[in-house]
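This is a predicted model, so every value here is computed, not measured. Throughout, protein chains are lettered first and strands after them, A, B, ... in sequence-line order, and every chain is numbered starting at 1.
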2 protein chains.
Amino acid sequence: MQTAVTIDPAAMLREAGLRVTDSRIAVLTALANNPHAGADALFVRVQQVLPNTSRQAVYNVLNDITDAGLARRIEPAGQPGLFELRVGDNHHHIVCKTCGAIADVDCVTGHAPCLTPNETQGFDLSEAEVTFWGVCANCKTAALPNTSIVPA
Amino acid sequence: MQTAVTIDPAAMLREAGLRVTDSRIAVLTALANNPHAGADALFVRVQQVLPNTSRQAVYNVLNDITDAGLARRIEPAGQPGLFELRVGDNHHHIVCKTCGAIADVDCVTGHAPCLTPNETQGFDLSEAEVTFWGVCANCKTAALPNTSIVPA
DNA sequence: TCACTATTTTGACCTATTCAAAAAAGTGCG
DNA sequence: CGCACTTTTTTGAATAGGTCAAAATAGTGA
């Protein structure tokens, strides 16, 4: 049984041409274990390992690894930027309108035909991003009337 | 030739059960003429008509009309919230990665089959939002090497 | 026109994020 | 291994976008 996701942060960084530093390793590791985490959550995680790390360092690292293509930044409306290592596979996200929880959704139809708009208004199209909105299982349960609570 | 879009803001407000105020009329009018405008841009427009209007009033109005279903708020990654009156027709947007320009894209396939994910991870699905990313015609032109400029 | 409630103003405050300068640390090379 | 060079990190301030709250004002139905 594995509790931690295993990746090789140092190798990832080297391949991307980035220097291998403690902060970067810590952020990558934290991100591997917490997909869709925001800068703040990652800062907390990183501090558990490297207590002297600054918030700014986390932002730096996130920008660096995002630019380098190691991470992807998503930003559902109403939420701060979130990050994930799962990159380049064109998957999408489903976001809970109530609590903000996010789950991955694999692209159903590959190069989905309906994702090429027929009018591109003169734009050179490069990407289609799909965000599903709904209510997660937890929030659904929480919203139910408490039918089982009967006063004595 | 029509330079201004004509809507009936007062009627819209009344139907929505909102009080008809100058600020609201001004914001709705500004929005009708500037789809995909942000709070700040609208504030500037509104001030041209009602110079005493506060920025906060614009935020209030935008929240009110959005809650009332008169406007929709979109928030492409990396941009502030933008608003549009075109509501309830499930259209999507194409955003220029270079300058942030936004155009409407009608939903190509109606209830697009590929927009129902096969795994919903326990979520109650209510909406699918599609954002296309690309480069607009202007930015495409601007990015071209200036082949025609030849020094004498 | 009144009374009641909703809206607006004013000004403080907050979160997420970036900027900038100095200090510290990674890396290739001798 | 140790230096020089460059990148990264720290520190602290600053910014954008937006919310909160209380008092003043303005719509609205009767």
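- An end-to-end axis angle of 40° holds for the helix from C:dT1-D:dA30 to C:dG30-D:dC1, taken from five base pairs per end and rounded to 10°.
- Using a 4.5 Å heavy-atom cutoff, the side chains of A:Arg73 and A:Glu75 are in contact.
- Contact annotation for B:Gly38: no contact, since no heavy-atom pair falls under 4.0 Å across all strands.
- B:Gly69 and B:Val87 make their closest contact through O-CG1, 3.4 Å (heavy atoms, listed as atom of the first residue, atom of the second, distance).
- Scanning for ring-ring contact (aromatic ring centres under 6.0 Å, His included) contacts around B:His93 gives B:His36, B:His91, with sequence neighbours left out.
- Here the closest heavy-atom approach between residue B:Ile94 and residue A:Thr120 is recorded as CD1-O, 4.1 Å.
- Between B:Leu42 atom CG and B:Leu82 atom CG the span is 9.0 Å, to the nearest 0.5 Å.
- Checking side-chain atoms of B:Ser126 against main-chain N and O of A:Trp133 turns up a donor-acceptor pair under 3.5 Å.
- Nucleotides of DNA chain C with any atom under 4.0 Å from a heavy atom of chain B span, from 5' to 3', C:dT5 to C:dG11.
- Within the 3.5 Å criterion, the main-chain N or O of B:Val105 finds no donor-acceptor partner in the side chain of A:Gln121.
- The shortest side-chain heavy-atom distance between B:Ile74 and B:Ile102 falls under the 4.5 Å cut-off.
- Applying the side-chain contact (heavy atoms from CB on, under 4.5 Å) rule to B:Ala137 yields no partners; only residues at least two apart in sequence or on another chain are considered.
- Partners of A:Asp124 under the side-chain contact (heavy atoms from CB on, under 4.5 Å) rule, at least two apart in sequence or in another chain, are B:Val135, B:Lys140.
- Residue pairs meeting the side-chain hydrogen bond (donor to acceptor under 3.5 Å, both in side chains) criterion with at least one member in residues 11-24 of chain B, sequence neighbours excluded: B:Arg24-B:Asp64.
- Under the ring pair (Phe, Tyr, Trp, His ring centres under 6.0 Å) criterion, no residue pair touches residues 38-67 of chain A, with sequence neighbours excluded.
- Against DNA chain D, the stretch residues 57-73 of chain A makes heavy-atom approaches under 4.0 Å through A:Ala57, A:Asn60, A:Val61.
- Near DNA chain D, meaning a heavy atom under 4.0 Å away, the residues from residues 12-28 of chain B are B:Arg19, B:Val20.
- The side-chain contact (heavy atoms from CB on, under 4.5 Å) search around B:Ala71 returns B:Leu31, B:Ile65, B:Thr66, B:Leu85, not counting sequence neighbours.
- In summary, contact between chain A and DNA chain D, defined as any nucleotide atom under 4.0 Å from a heavy atom of the protein, begins and ends at D:dT6 to D:dG12 in the 5' to 3' direction.
- In this structure, the side-chain contact (heavy atoms from CB on, under 4.5 Å) partners of B:Asp8, at least two apart in sequence or on a different chain, are B:Ala10, B:Ala11.
- Residues A:Arg45 and A:Ala30 approach most closely at CB-CB, 3.9 Å, considering heavy atoms.
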